Amino acid sequence: QVQVVESGGGLVQPGESLRLSCAASGPIRVIFAMGWYRQAPGKERELVARITRHEIISEIINGSDSVKGRFTISRDDAKKSVYLQMNNMLPEDTAVYYCHADGNAYIRHTVIPFDVWGQGTQVTVSS
């Protein structure tokens, strides 16, 4: 069973930084893309940033305009991990952040697509 687990959430003050990590595990053959989504209270889940297998660091090209210039997504294929570096954080960044990954798994000699979500990690920006 392929799964992803997030870590690194917490409480920070406006203007501070935080780094989220997400690690995938299981019978993974290839990860096509990993990304971060967030859901604030009373709002729908939105894409924050997404990075494909051919990118190492992305300046949030595929993601929310509100985080461009402040957030950076990167991945480490050897560790099957993705990271979200969040700088100059704002109160409106407060949300539960979810990691997502899609790709192919190799189970019992069969290639099976996967599309998985993490449980989420709470990020709170408040003075």
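None of these values were measured; they are calculated from a predicted model. Residues: numbered from 1 along the sequence shown. Hydrogens, waters and symmetry mates are skipped; everything else that's a heavy atom, side chains included, is used.
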Indicate if Leu84 and Val123 have the same hydrophobic cluster label, given that clusters are the connected sets of ILVMFWY residues with side-chain heavy-atom separations under 4.5 angstrom.
yes
Rounded to the nearest 0.5 angstrom, the CZ-CG distance for Arg70 and Asp93 is 4.0 Å
So the side-chain hydrogen bond (donor to acceptor under 3.5 Å, both in side chains) pairs with at least one residue in residues 2-26 (sequence neighbours excluded) are Ser17-Asn87
side-chain hydrogen bond (donor to acceptor under 3.5 Å, both in side chains) pairs touching residues 94-103, sequence neighbours excluded, are Arg38-Tyr97, His100-Asp115
Besides Val111, the hydrophobic cluster formed by Ile, Leu, Val, Met, Phe, Trp and Tyr side chains linked at under 4.5 Å, directly or via other members, contains Tyr106
*Answer with yes or no whether the hydrophobic clustering places Leu20 together with Val116; edges join I, L, V, M, F, W, Y residues whose side-chain heavy atoms lie under 4.5 Å apart.*
yes
Tracing side-chain contacts under 4.5 Å among Ile, Leu, Val, Met, Phe, Trp and Tyr outward from Ile107 reaches Ile112
For Arg29, the salt bridge (charged side-chain N to carboxylate O under 4.0 Å, His left out) test, sequence neighbours excluded, returns none
Check: Given the rule that I, L, V, M, F, W and Y join up when any side-chain heavy atoms are under 4.5 Å apart, are Val48 and Met89 in one cluster?
Finding: yes
Stepwise, does the side-chain contact (heavy atoms from CB on, under 4.5 Å) test hold for Val82 with Cys99? CA-CA 8 Å; Val82 65; Cys99 179; 3.9 Å; yes
Practice item. Please assess Asn104 against Phe32 for the test side-chain contact (heavy atoms from CB on, under 4.5 Å), listing each intermediate value before the final yes or no. Key: CA-CA 8 Å; Asn104 283 337; Phe32 295 141; 3.5 Å; yes
side-chain hydrogen bond (donor to acceptor under 3.5 Å, both in side chains) pairs touching residues 117-127, sequence neighbours excluded, are Gln122-Thr124
With sequence neighbours left out, the residues meeting side chain to side chain contact (heavy atoms under 4.5 Å, CB included) with Ile28 are Val2, Ala24, Ile31, Lys80, Phe114
Output for pair (Met86 CE, Phe71 CZ), nearest 0.5 Å, gives 5.5 Å
Closest non-hydrogen atoms of Val4 and Gly118, given as atom of the first, atom of the second and distance, are CG2-N, 3.3 Å
Requested in this report: Measure the shortest side-chain to side-chain distance between Met34 and Cys22 over non-hydrogen atoms and say whether it is less than 4.5 angstrom.
Outcome: yes
Checking Val67, Ile51, Ile73 against Trp36 for side-chain contact (heavy atoms from CB on, under 4.5 Å), the one that qualifies is Ile73
Say whether Leu18 and Val125 are linked into one hydrophobic cluster, either directly or through other cluster members, by side-chain heavy-atom distances under 4.5 angstrom. yes
